[in-house]
Participant: 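Sharing a structure below in structure tokens format, with a few things to ask.
Only this structure's heavy atoms are used, side chains among them; waters, hydrogens and symmetry mates stay out. Letters A, B, ... mirror the listed sequences (proteins, then strands); counts begin at 1.
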Amino acid sequence: GAGVSQSPSNKVTEKGKDVELRCDPISGHTALYWYRQSLGQGLEFLIYFQGNSAPDKSGLPSDRFSAERTGGSVSTLTIQRTQQEDSAVYLCASSLVRGGSTNEKLFFGSGTQLSVL
Amino acid sequence: QKEVEQDPGPLSVPEGAIVSLNCTYSNSAFQYFMWYRQYSRKGPELLMYTYSSGNKEDGRFTAQVDKSSKYISLFIRDSQPSDSATYLCAMSGKDSGYSTLTFGKGTMLLVSP
């Protein structure tokens, strides 16, 4: 596809269960981001992948959150033992970062609406 | 004090009005400033991108950055009902290696026909 694809678009789960959210970035984009958007809140940075470098995990709110990016493309965000406060829209974005360039233009997917009951 | 402050609105205007959206920020290291538009149930899409201070115009949209006041603005001329959306300011700088954006909470804009 031409854009960033996220699945599922909606996920309802019970407190304590684990969930996996998937992101397919734009082909050729080397940078991939996960953000969280809660009701009435701005976008909160979670994690950033750039090529083969170690990811920047500084935004992950707890050790229940983890993310992987396989083959430099698809990424999965995993939330273990979900809590009600994890309910939010999880947005994935990708960008084409040329070497030495600081020109970061992010392209976002439509997000996964996570509801923890 | 949050790093980026943005009035959540909603801001309601009639079609054809000039709209002014604003953000203030506290981190003087920010150098790149962006405006994203987000329609309901969609991801944000990049509208305007500005480096450092100055103005940038693109069609009906003008972005202004005043680094001395730590204040950025987005102006929309001849607003249309299709402009109804949430507008998010975002910025990045040397602190984060330019790699992550700090967003405002967004301002909801409603343009009535």
Participant: If every non-hydrogen atom of B:Y36 is compared with every non-hydrogen atom of A:K105, which pair is closest and at what distance?
Facilitator: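 Shortest heavy-atom separation between B:Y36 and A:K105 comes out as OH-C, 4.5 Å.
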
Participant: B:L47, B:L11: one ILVMFWY side-chain cluster at the under-4.5 Å cut-off?
Facilitator: yes

Participant: Please classify the contact between B:Q6 and chain A as side chain, backbone, both or neither, with a heavy-atom cut-off of under 4.5 Å.
Facilitator: neither

Participant: Applying the 4.5 Å side-chain criterion to the ILVMFWY set and letting contacts propagate, would B:L74 and B:F33 be lumped into a single cluster?
Facilitator: yes

Participant: What part of B:P44 lies closer than 4.5 angstrom to a heavy atom of chain A: side chain, backbone, both or neither?
Facilitator: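 Interface part for B:P44: both.
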
Participant: Determine whether A:L106 and B:L101 make a side-chain contact, defined as any pair of heavy atoms from C-beta on separated by less than 4.5 Å.
Facilitator: yes

Participant: Quick one: OG1 on B:T102 to CD on A:E44, what's the gap to the nearest 0.5 Å?
Facilitator: 11.5 Å

Participant: Test of understanding: clusters of I, L, V, M, F, W, Y form through side-chain heavy atoms closer than 4.5 Å, transitively. Do A:I26 and A:L77 belong to the same one?
Facilitator: no

Participant: Could you tell me which residues satisfy ring pair (Phe, Tyr, Trp, His ring centres under 6.0 Å) with B:Y87, sequence neighbours excluded, listed by chain and number?
Facilitator: none

Participant: Can you confirm whether A:F108 sits close enough to B:E45 that some side-chain heavy atom of one is under 4.5 Å from a side-chain heavy atom of the other?
Facilitator: no

Participant: Please say yes or no: joined through hydrophobic side-chain contacts below 4.5 Å, possibly via intermediate residues, are A:V19 and A:V89 part of one cluster?
Facilitator: no

Participant: If I measure from the heavy atoms of chain B, does A:L43 come under 4.5 Å with its side chain, its backbone, both, or neither?
Facilitator: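 For A:L43, the contact with chain B is made by backbone and side chain together.
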
Participant: If you look at every heavy atom in A:S110 and B:K42, which pair is closest and at what distance?
Facilitator: OG-CD, 3.9 Å

Participant: Should we say atom CD of A:E68 is surrounded by more than 12 heavy atoms from elsewhere, each under 6.0 Å from it?
Facilitator: no

Participant: Check whether any side-chain heavy atom of A:Q113 lies under 4.5 Å from a side-chain heavy atom of B:R41, and answer yes or no.
Facilitator: no

Participant: Are A:F45 and A:F49 linked, directly or through other ILVMFWY residues, by side chains that come within less than 4.5 angstrom of each other?
Facilitator: no

